[in-house]
Amino acid sequence: MTWEERHRRLVGRLLLVLVLTLAVDAVGTVLVYVFERGARGGDIHTFGDALFFTTVQLLTVSSQIRNPLTTGGRLVDVALEVWAVLVVAGSAGAVAAFFQVADR
């Protein structure tokens with residue numbers, strides 16, 4: 001495989017991860033908003049709060065906002081954290097595969 005092909009493959013994989021993560025962020029934001037907006041004592045009251053919480057969970061697996069209080073919100077939170085961990089591992093694998101020396 002040529003150098004340019006390897007670059008295209010790596011960029012393609014990373015773009016796929018980015019697009020899928022944006023989709024997960026969008027769906028997660030809607031679900032967190034639906035589940036948490038009326039939760040008594042919660043910190044998520046607006047769609048912006050839900051977007052902030054969801055995006056931060058995907059980027060850092062932590063937030064200054066209290067953990068979700070509803071069962072649905074907690075399930076979404078766990079799914080977001082699982083996605084974040086898998087994407088980090090998958091992205092690291094894609095980058096490692098890029099630097100792997102071909103045995104040809």
Side-chain angles (χ1 to χ4, degrees):
M1 183 180 328
T2 67
W3 185 252
E4 292 79 20
E5 290 175 49
R6 293 179 70 208
H7 279 92
R8 279 193 296 275
R9 185 175 287 181
L10 175 63
V11 169
R13 288 177 181 172
L14 294 177
L15 282 174
L16 178 62
V17 165
L18 176 64
V19 168
L20 291 175
T21 300
L22 289 173
V24 168
D25 195 4
V27 171
T29 296
V30 170
L31 291 174
V32 166
Y33 178 68
V34 167
F35 289 129
E36 294 294 314
R37 69 178 171 199
R40 184 178 203 154
D43 290 337
I44 298 171
H45 306 293
T46 67
F47 193 79
D49 293 338
L51 176 62
F52 175 79
F53 174 80
T54 302
T55 303
V56 169
Q57 289 300 94
L58 289 171
L59 294 174
T60 65
V61 190
S62 67
S63 174
Q64 67 189 18
I65 293 178
R66 284 184 222 147
N67 288 331
L69 302 175
T70 65
T71 301
R74 289 177 178 168
L75 290 172
V76 173
D77 186 30
V78 169
L80 292 171
E81 291 177 15
V82 167
W83 177 265
V85 169
L86 291 176
V87 165
V88 168
S91 297
V95 171
F98 175 77
F99 289 109
Q100 183 180 12
V101 178
D103 293 330
R104 296 179 194 209

If hydrophobic clusters are built from ILVMFWY residues whose side chains come within less than 4.5 Å, do [X] and [Y] share one?
X	Y	result
Leu80	Phe52	yes
Val24	Leu16	yes
Phe53	Val27	yes
Val32	Val30	no

Tell me, do [X] and [Y] make a side-chain contact under 4.5 Å, heavy atoms counted?
X	Y	answer
Leu75	Val78	no
Leu69	Glu36	yes
Asp49	Asp43	no
Asp25	Leu51	yes
Ile44	Phe35	no

* Asked: What closest approach, in Å, do Phe47 and Tyr33 show between heavy atoms, and which atom pair accounts for it?
  -> N-CE1, 3.4 Å
* Heavy-atom pair with the smallest gap, counting every atom of Ser91 and Val17 -> OG-CG1, 3.8 Å
* To do: First locate atom CG of Leu86, then atom OG1 of Thr21, and finally report the distance between them rounded to the nearest 0.5 Å.
  => 10.5 Å
* Asked: Going through the checks in order, is the side chain to side chain contact (heavy atoms under 4.5 Å, CB included) test met by Trp83 and Leu20?
  -> CA-CA 10 Å; Trp83 177 265; Leu20 291 175; 3.8 Å; yes
* Under 3.5 Å donor-acceptor, Arg37 side chain and His45 backbone -> no
